[in-house]
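First listed ligand is number 1; within each ligand, the first listed atom is number 1.
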Amino acid sequence: MGKITISVIKADIGGYVGHSSSHPDIIELAKKDLGKAKSEGLLVDFRVLTCGDDLELIMTHEKGENAEPIHKLAWDTFLHGTELAKKLKLYGAGQDILSDAFSGNVKGMGPGVAEMEIEERKSEPILIFMADKTSPGAWNFPLYKMFADPFNTAGLVIDPSIHDGFKFEVLDPHKEETIVFSAPEEIYDMLVFIGAKEHYIIQRVWRKSDNRIAAASSTQKLALIAGKYVGKDDPVLIVRAQSGFPAVGEVLEGFSFPFLVAGWMRGSHHGPFMPTSFKEANPTRFDGPPRVTCAGFQLADGKLIGPRDMFDDPSFESARRKSDEIADYMRRHGPFEPGRLPLSDMEYTTLPEVRKKLEGRFKKA
Ligand code: F6R
Ligand code: MG
Ligand code: MG
């Protein structure tokens with residue numbers, strides 16, 4: 001078998017109820033559509049999962065990254081699902097379908113995309129993270145922990161196969177520029193940028209010793225595409241694990257501390273990033289708190305053996321409890337920062353309309 005591509009393409013095409021979860025009929029419809037593509041030979045394999053109100057299409061194939069037929073398949077599946085979502089009057093039906101003319105690639109059209117083309121190893125454990133009620137910068141913190149922090153990833157110190165470290169590609173979505181940093185030598189420079197997670201987003205990580213791809217994230221920011229707030233991006237992330245990459249447990253350890261991310265209610269608040277099982281990823285309190293789930297797979301000639309629901313483990317109970325404590329604490333800030341996002345990040349929410357309304361009332365002091 002040649003190279004295999006893992007494409008994770010996701011969109012919110014309608015919430016059930018409100019923005020809290022997904023309707024089972026939409027999932028069934030997507031499974032049928034992808035099942036047909038598999039029987040026709042376009043896909044090697046697929047799984048349809050959800051995280052909150054987001055529909056996650058996990059596909060393997062041999063067409064490479066940014067392949068038009070794969071993107072078209074995802075796009076058509078989202079359009080088909082949107083028709084049904086409209087019939088069921090699901091909330092925000094077709095929310096992430098920001099354009100009506102497909103032109104070869106879903107990037108820039110609303111859906112989020114993470115893809116990586118790999119040479120499958122003798123055994124290939126893959127972890128796919130899915131988030132709801134937050135933005136792509138949410139991956140910066142755990143990616144740093146997994147691939148650059150020896151207090152998180154023991155292998156960086158004691159496993160010769162990753163001791164050289166990793167390279168990080170960081171995107172500035174505002175300027176549409178990327179820069180590559182090499183860890184550990186450049187971590188202080190890199191942290192200046194990736195610490196500003198709403199502005200700089202880690203989009204790829206490679207192993208330094210042989211340039212093998214280790215992680216790929218979705219970096220699409222809906223507000224930058226639409227020019228206004230149209231719902232949070234709810235990103236996805238693909239990570240390879242074991243034998244020359246961080247171990248599965250080192251990758252997951254990056255989520256053991258529920259750090260604050262931007263999103264939550266109206267995409268305008270800071271909330272803890274809560275790791276949950278698939279069945280607990282239905283954010284309800286104040287439309288949150290933001291959720292992250294992880295689907296684990298073993299690849300076998302492109303076949304997806306899995307998923308295992310990786311956060312369905314009592315060892316993440318304390319992170320969930322801590323998330324609830326943090327949620328209480330952050331909620332008590334009400335409309336005050338840092339409960340609410342800083343003004344710069346509110347540019348892309350509903351705030352500009354309020355400011356416009358009051359424009360004439362600001363007098364020179
Ligand atoms: C956050 C999110 C929700 C909505 C909120 C208001 O990503 O989607 O918190 O912003 O429920 O929704 P609308 O404006 O549709 O009533
Ligand atoms: Mg929604
Ligand atoms: Mg969502």
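Residue Asp12 approaches the Mg ion (ligand 2) most closely through its N/O/S atom OD2. When distances from the Mg ion (ligand 2) to the N, O or S atoms of His19 are compared, ND1 comes out shortest.
The angle subtended at the Mg ion (ligand 3) by OD2 of Asp234 and OD1 of Asp132 is 90°, given to the nearest 10°. Geometry note: the Mg ion (ligand 3) is the vertex, Asp53 OD1 and Asp54 OD2 are the arms, and the angle is 90° (rounded to 10 degrees).
Ligand-side atoms of ligand 1 in range of Lys232: 7 (O), range being under 4.0 angstrom from any heavy atom. Within the listing of ligand 1, atoms 1 (C), 7 (O) sit less than 4.0 angstrom from a heavy atom of Lys133. The contact set between ligand 1 and Met265, taken as ligand atoms under 4.0 Å from a residue heavy atom, comprises 9 (O).
The shortest contact between atom 6 (C) of ligand 1 and any protein heavy atom is with Arg266 NH1, 3.5 Å.
Counting non-hydrogen atoms of other residues, nucleotides and ligands closer than 6.0 Å to CD of Glu317 gives a total above 12.
A side-chain contact (heavy atoms from CB on, under 4.5 Å) with Cys294 is found for one member of Met310, Arg308, Met130 and no other, namely Met310. With respect to Met116, the side-chain contact (heavy atoms from CB on, under 4.5 Å) criterion is satisfied by exactly one of Val8, Ile4, Ile6: Ile6. Checked options Asp54, Asp234, Thr50; the residue passing with Lys10 is Asp54 (criterion: side-chain hydrogen bond (donor to acceptor under 3.5 Å, both in side chains)). The ring-ring contact (aromatic ring centres under 6.0 Å, His included) with Phe255 is formed by just one residue from the set Phe316, Phe129, Phe141; it is Phe129.
For Phe286, the closest heavy-atom approach to ligand 1 does not fall below 4.0 Å.
Heavy atoms of Tyr91 found under 4.0 angstrom from ligand 1 belong exclusively to the side chain. With a 4.0 Å cut-off on non-hydrogen atoms, His19 touches ligand 1 through its side chain and not its backbone. The side chain of Tyr229, and not its backbone, has at least one atom closer than 4.0 Å to an atom of ligand 1 (non-hydrogen atoms only; side chain from C-beta on).
In the model, Gln298 has a side-chain atom that pairs as donor or acceptor with a side-chain atom of Ser123 under 3.5 Å. A donor atom on one side chain and an acceptor atom on the other are found under 3.5 Å apart for Asn282 and Ser21.
Taking all heavy atoms of Asp287, Asp53, Asp233, Asp12 into account, the minimum distance to atom 9 (O) of ligand 1 is reached by Asp287.
Ring geometry for Phe259 versus Phe273: interplanar angle over 60°, hence perpendicular rather than tilted (30 to 60°).
Taking the side chain as every heavy atom from C-beta outward, Val48 and Thr77 never approach each other to under 4.5 Å.
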